[in-house]
Amino acid sequence: YTTNFRNNCLPYPNLYKTLKILNANNYKLGIITNGKFPFQYKNIEALKIEEYMDIILVSEKEEIKKPNPLIFERAAKKLGVKLNECIFVGDSLENDYKASNSAGMYAIYKANNDQNSISTIPTIQDLSEVPCIINNYN
């Protein structure tokens, strides 16, 4: 599993298109992921998205994991921005949306295939929606 999982990683639709748009607009980008190191990092490498990232925080290496607000604070500090200047997109309602929002970031919930939008919170179905949300947020 730990050796071969990365060979089966599949990106969300429009991941690369969205990263290219954000990168072209000079946004600082990062990943915060819970899990083992180097397992999670190898999965990120397999998706070929590390080149777009300014930071990648893997919980085991950081010795702190979501939903702890300290990992969000650490990410913002490493990016050289304030928490309220960050937009966090994640597919876990608890560990991503609620945790990043509680830490002071603008949070967006990425609904999974088996989940519907939640009308009371910012929700996207597709990553291609992110650049427009960022433009509106600015």
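Quick note: numbers below take in every heavy atom, side chains included, and nothing from hydrogens, waters or symmetry partners.
- For the pair Tyr16 and Pro11, the minimum side-chain heavy-atom distance is below 4.5 Å.
- Residues Ile31 and Ile49 meet the side-chain proximity criterion, which asks for heavy atoms closer than 4.5 Å.
- Taken from OG in Ser59 to CD1 in Ile64, the straight-line distance is 9.5 Å, to the nearest 0.5 Å.
- At least one side-chain heavy atom of Tyr41 sits under 4.5 Å from a side-chain heavy atom of Ile56.
- Among residue pairs with one or both ends in residues 64-79, those qualifying as side chain to side chain donor-acceptor pair (under 3.5 Å) are Glu62-Arg74, Lys66-Asp96; sequence neighbours excluded.
- Here the side chains of Asp126 and Pro13 are in contact, with some heavy-atom distance below 4.5 Å.
- Residues passing the ring pair (Phe, Tyr, Trp, His ring centres under 6.0 Å) test with Tyr52, sequence neighbours excluded: none.
- When the ring pair (Phe, Tyr, Trp, His ring centres under 6.0 Å) test is applied to Phe5, the partners found at least two apart in sequence or on another chain are Tyr1, Phe39.
- The list of salt bridge (charged side-chain N to carboxylate O under 4.0 Å, His left out) pairs with a residue in residues 15-38, not counting sequence neighbours, reads Lys36-Glu60.
- For residues 38-59, no pair satisfies salt bridge (charged side-chain N to carboxylate O under 4.0 Å, His left out), with sequence neighbours left out.
- Looking at heavy atoms from C-beta onward, Leu57 lies out of side-chain contact with Thr33 at the 4.5 angstrom threshold.
- With respect to Tyr106, the side-chain contact (heavy atoms from CB on, under 4.5 Å) criterion is satisfied by exactly one of Asn101, Asn84, Ile133: Ile133.
- Taking all atoms of both residues into account, the shortest heavy-atom contact from Leu127 to Lys110 is CD2-CD, 4.4 Å.
- Between Cys86 and Val81, some side-chain heavy-atom pair lies under the 4.5 Å cut-off.
- Here Phe72 pairs with Phe88 under the ring pair (Phe, Tyr, Trp, His ring centres under 6.0 Å) rule; sequence neighbours left out.
- A 4.5 Å side-chain heavy-atom check between Leu22 and Pro131 finds at least one atom pair inside the cut-off.
- In this structure the side chain of Asn8 never reaches within 4.5 angstrom of the side chain of Leu10, judged on heavy atoms.
- Contact between Lys98 and Glu94 at its shortest, heavy atoms only, is NZ-OE2, 2.9 Å.
- Scanning all heavy atoms of the two residues, the minimum distance from Asn112 to Asp91 falls at ND2-O, 3.2 Å.
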